[in-house]
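Read the numbers this way: they start at 1 and go in the same order the structure lists the ligands and their atoms.
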Amino acid sequence: MEQEYDRFSREMDARAVRDAIGEGKKYHIVVYGCQMNVRDGETAAGLLEEMGFSRAESREDADLVLFETCCVRENAENRALGNVIWLKELKRDKPDLLIAVGGCMMQEPGMAERIRKMYPFVDIVFGTHNLYRLRHLVREAVEGRRGIEILGEGGLQEGLPAVRQSSFSAFVNIMYGCNNFCSYCIVPYVRGRERSRAQEDILEEARRLRDSGVQEITLLGQNVNSYQGGGAAFAELLRRLDEMGIPRIRFMTSHPKDLSDELIAAFGSLKHLCGHLHLPVQSGSDRILREMNRHYTREKYLSLVERLRAVRPDIGLTTDIIVGFPGETEEEFRETLSLCREVRYDAAFTFIYSPRQGTRAASMPDDTPAAEKTRRIEELIALQHEHTASALASQVGRVERVLVEGVSERSSETVMGKTSRFLAVNFPGKADLVGSFVDVRITGAGRNTLRGERV
Ligand code: 5AD
Ligand code: SF4
């Protein structure tokens, strides 16, 4: 019943908006945070285009500006709010401008109410669970009411339109939400419990992408290893996708506690699975890992790395690390550095711990001065630079298959693409190569990228 009603009302809303907004209206979407938000932004674009909006070249050019917010760390929130306030100025010159704010941050308790009261120029507020209601909310706004709606939890919505950012590389959601409750993390509170899409729906989407010429898919989920309840189910999904013949398959993010034997084996056996794994470690100290509620030890993590390298010696590993978790001692921080030395990541995303209201860690005593945390992260970043440089240097002389992603910003005669291991390569070439595979001999390594030439 619910589904039937929704389909009917969505179409009604889209038609009503099309009639009300008139011709030639444009939208601009600003995305903060992770790939899940990027993918949500693509769905929002699809919904808006169905209503008759087209993409604006810039924010100033738009009739509707949508912010997809992130709440994982405080600075992401501040940046989003700062930009929303900045739009108030734009609206002074352009009173019909519609301002919409969606995403994780709106799911925080009390946030929508705060926006309603303190930011009266915001017309539309929605959360991650009711993105599919965007047409209805825009309809309310164009009819002069503020469209503010947050749902506490959501089911799965299949069949929503999307305008994908790339014609050759696509994100595919396989699951939503998270059950892990790492003690520092707000995601389970805002994105809700884990919900997996049906395997058939995912395969159908992948088939359609393949038939439209997509060369690479990246499966998305907060913890893909618990897709439909376990690593075996995820490995099975990968196997079926591998048979489909899409040249490259990637996925993120994996939780070390759920990295199954089947998934490790997949890195040795699947033809299209890329040689890269993002495996957030967060800390190298067992005590901190326990306090973080991560459910693995340093030793367990290192044994996963060893087994991955046994089945795929050239696999590239990347990670996320938090420094300055409440109570982290200098010695415990040094254990993170030594873990990095053992693993030698290709890249690491490093963060200073940011307390998030409502999480368990937010009430833990934290007496490490901010300046000390900054010093720690700087030391970690410097070490990572060394490891990135040596990973890049190890590639010189090899011939790698590169999927070309775009033309360099610096020169129209240079293109940039990625190897299977997710390393960026610049080499001479023109726009006609974008979206295709090229064999490239790696001739040099810079700070963050490789240089090469076509063979
Ligand atoms: N403070 C700092 N970093 C955090 N992350 C998640 N929550 C926090 C927080 N409260 C980091 C983790 C996670 C990545 C997406 O963001 O490292 O893996
Ligand atoms: Fe947050 Fe942990 Fe879930 Fe990742 S696994 S989204 S860090 S709670």
Within 4.0 Å of some non-hydrogen atom of Tyr353, the atoms of ligand 1 are 1 (N), 2 (C)

Result for side chain to side chain donor-acceptor pair (under 3.5 Å) between Arg197 and one of Gln157, Gln228, Glu158 points to Glu158

Does Arg191 reach ligand 2, in the sense of a heavy atom lying below 4.0 Å from it?
-> no

Per-atom filter on ligand 2: closer than 4.0 angstrom to a heavy atom of Cys178 are 3 (Fe), 5 (S), 6 (S), 8 (S)

Note: Cys182, heavy atoms under 4.0 Å from ligand 2, region reported as both

Per-atom filter on ligand 2: closer than 4.0 angstrom to a heavy atom of Pro188 are 8 (S)

Under 4.0 Å between heavy atoms, the region of Phe351 that gets near ligand 1 turns out to be side chain

- Go through the steps to decide whether Asn180 and Lys257 satisfy the test side chain to side chain donor-acceptor pair (under 3.5 Å), and finish with yes or no. CA-CA 10 Å; Asn180 289 321; Lys257 82 172 162 60; 2.9 Å; yes

For Tyr296 and Lys300, the nearest pair of non-hydrogen atoms, with its separation, is CB-CG, 3.9 Å

The answer for which part of Phe181 has a heavy atom under 4.0 Å from ligand 2 is backbone

Within the 4.0 Å heavy-atom cut-off, what Val187 brings close to ligand 2 is side chain

A student checking ligand 2 against His255 at a 4.0 Å heavy-atom cut-off should list atoms 5 (S)

Review point. Would one find an N or O of Arg356, backbone or side chain, under 3.5 Å from an N or O of ligand 1?
Key: no

Ligand 2 to Gln222, heavy atom cutoff 4.0 Å, flagged ligand atoms 6 (S)

*Applying side-chain contact (heavy atoms from CB on, under 4.5 Å), run through Met364 and Phe325 and close with a yes or a no.*
CA-CA 9 Å; Met364 295 179 185; Phe325 184 82; 3.8 Å; yes

Q. Can Ile352 be said to touch ligand 1, with heavy atoms closer than 4.0 Å?
A. yes

The answer for which part of Pro280 has a heavy atom under 4.0 Å from ligand 2 is neither

Ligand 1 atoms nearer than 4.0 angstrom to some heavy atom of Gln282 are 12 (C), 13 (C), 17 (O), 18 (O)

Closest to atom 1 (N) of ligand 1 (heavy atoms only, candidates Ser354, Ser183, Ala76, Ala361) is Ser354

Exercise for the section: Please state whether the separation between atom 3 (Fe) of ligand 2 and some N/O/S atom of Cys185 is under 2.8 Å? Expected result: no

Are any of the side-chain nitrogens in Lys373 or Asp366 under 4.0 Å away from the carboxylate oxygens of its partner? yes

If we number the atoms of ligand 2 from 1 as shown, the ones under 4.0 Å from a heavy atom of Asn180 are 5 (S)

Tightest non-hydrogen contact, residues Gly446 and Leu392, listed as O-CD1, 3.4 Å

ask   = Would Thr319 and Leu279 satisfy side-chain contact (heavy atoms from CB on, under 4.5 Å), going step by step from the backbone distance to the final call?
value = CA-CA 5 Å; Thr319 201; Leu279 194 61; 5.5 Å; no

_Quick test of your reading of the model: are Glu386 and Arg341 salt-bridged, counting only N-O distances below 4.0 Å?_
no

Looking at Asp320, Val72, Ile321, the heavy atom closest to atom 6 (C) of ligand 1 belongs to Val72

Q | Glu330 and Arg376 ion-paired at < 4.0 Å | A | yes

If you scan protein heavy atoms around atom 7 (N) of ligand 1, the nearest is Tyr184 CD1, 3.3 Å

